[in-house]
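A, B, ... follow the sequence lines: proteins, then strands. Residue 1 opens every chain.
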There are 2 protein chains.
Amino acid sequence: MLSKKTQYAFHALIHLAENVDKGPILISEIAKEKNISIKFLENILLELKNAGILGSKKGKGGGYYLMRAPKEIALARIIRLLDGPIALLPCVSLNYYERCENCKDEAVCGLHDVMSRVRDASLKILENKTLKDLVTKS
Amino acid sequence: MLSKKTQYAFHALIHLAENVDKGPILISEIAKEKNISIKFLENILLELKNAGILGSKKGKGGGYYLMRAPKEIALARIIRLLDGPIALLPCVSLNYYERCENCKDEAVCGLHDVMSRVRDASLKILENKTLKDLVTKS
DNA sequence: ATATAGTCTACCTTTTATGTAGGATTTGTG
DNA sequence: CACAAATCCTACATAAAAGGTAGACTATAT
C-alpha cells in the first residue's frame, strides 16, 4: 500500500493539475478541497518542491504550482520520491536494489523471477500514466 | 514493499515445498538455512498454521509441513494473510476495501482507475502463481 | 522419565507514519 | 515603509507497525 503521504500527494497534484491555469494555489485551498491536514500537506508540498516537481511563490497571491505540464509527470516518479521502491522485494527493485539475505543465489530464486514480473507489470502502467491521466475535470 | 514477515514466510514455504517428501521440518532448520531469526520465524510459522496453510507436529520427529500441495497455494493468499491488501490504495482493494476520504466520488476519480489497473496486473500474476512455481530444486 | 519440539503470552526496541506548533522569511500592496 | 499574507523551516509529539526476544507451558517419541 502507498503511504498516506503519497496518497495525499496524488490528490494535491490532481488539484493543481486541474487548476493549472489559475496561477499559484493556496495550501489551505488544497487542504480544504481534499480533506487533508493543512500542516501535513505543507510538508508534502515542500518535499515535492525540493524535488523540482512543484514551484512556489510566497506572500500575497502566492501558493504552489506545477513546474511541468501534467503529462510530463509520471506516477512512478511520485511514488518513488515519497514511498521508495515500487517493487515488492528489495532484491527486485530497479532504483533501490538490495541483495537478498535469505537466498544463496538470486539467479536461481523462483521468488525473484515472479516478483520481477509483478514489478514489470506495475511499472508498465505507472511509468506511462501521468498526472494528466488522473485529471477528470473537463 | 512486502514486510520482512511476508518475505520470510515465502522463503520458509519454499524450503518446506522443496522438502515436502521429508516429513515435518524443524523451525531451526529453516531458520538456519534461510538466515532468519528463529524466534521471529516461530511466530510466522504459527500464523501460517493458524491460517490452515501449515500443519505441525510436536515432540521428537516433529516440525512443520504443508497442508496442501505447493501448486494449491497461491502467492496472493500468503501476501494477503500476512501483509494485508495487495492494492496500492484502500479504495481499490478487493479484500480490504475502504472508502476514499479525499475524493468526492470514486466513480470519477482518475487515481482510482489507474490503481485498479495496477492491482489487476499484479493479481493476474500473484493469483495464478503458486508455491510450486517458486521451487527451483529438481 | 526425559529430551525434543512446537505453543503461547508477554514484553521490548526501533523505525515509520502521521501529524502539530510556532517562529522566520519573503513578497505584494496600500 | 508598514503590514498582512503566504510559504519555509525546524523541532517536537504521538501512535502504530515492524522486527525481534524471553521464558514458561504442553505434547510426544523413545
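- Taking atom CD1 of Ile25(A) as the reference point, atom P of dA5(D) lies 19 Å away to the nearest angstrom.
- If you take CG of Leu54(A) and P of dT7(D), they are 12 Å apart, rounded to a whole angstrom.
- Shown here for His112(A) and Cys91(A), the closest heavy-atom pair between the two residues is NE2-O, 3.0 Å.
- The side chain of Lys39(A) lies closest to dT20(C) when the candidates are dA22(D), dA27(D), dT20(C).
- When the side chains of ILVMFWY residues are joined at heavy-atom separations under 4.5 Å, either directly or via intervening members, Tyr8(A) and Leu46(A) end up in a single hydrophobic cluster.
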Please list, for nucleotides 10-19 of chain D, all pairs of protein and nucleotide N/O atoms separated by less than 3.5 Å.
unit_1, atom_1, unit_2, atom_2, d
dG19(D), OP2, Lys4(B), N, 2.8

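- Taking atom CD1 of Ile44(B) as the reference point, atom C1' of dT21(D) lies 14 Å away to the nearest angstrom.
- Checking the phosphate oxygens (OP1, OP2) of dC3(D), no side-chain nitrogen or oxygen of Lys60(A) falls inside 4.0 Å.
- Protein atom CD of Glu29(A) is 10 Å distant from nucleotide atom P of dT7(D), rounded to whole Å.
- Atom pair Tyr64(B):OH and dA5(C):C1' shows a separation of 10 Å (rounding to whole Å applied).
- The nearest whole Å value for the distance from the CG atom in Asn35(A) to the C1' atom in dG19(C) is 14 Å.
- Contact detail for Arg119(A) and Leu94(A): the closest heavy-atom pair is NH1-CD2, 3.5 Å.
- Leu45(A) comes within contact range of no nucleotide atom at all, as no heavy-atom separation falls under 4.0 Å.
- Side chains of His11(B) and Glu33(B): no donor on one and acceptor on the other come within 3.5 Å.
- Residue Ser28(A) has no polar side-chain atom (N or O) positioned under 4.0 Å from OP1 or OP2 of dA6(D).
- The interatomic distance linking Ile36(A) (CD1) with dG19(C) (P) rounds to 10 Å, in whole Å.
- Distance CD1 (Ile38(A)) to C1' (dT18(C)): 16 Å, rounded to an integer number of Å.
- Within the 4.5 Å cutoff, no side-chain heavy atoms of Leu131(B) are placed close to those of Val135(B).
- Nearest nucleotide to the Ser56(B) side chain, out of dG28(C), dT7(C), dA29(D): dT7(C).
- Residues Leu123(A) and Val118(B) fall within the same hydrophobic cluster, defined by Ile, Leu, Val, Met, Phe, Trp and Tyr side chains chained together at heavy-atom separations under 4.5 Å.
- The two residues Ala51(A) and Arg77(A) make their nearest non-hydrogen contact at O-NH2, 3.2 Å.
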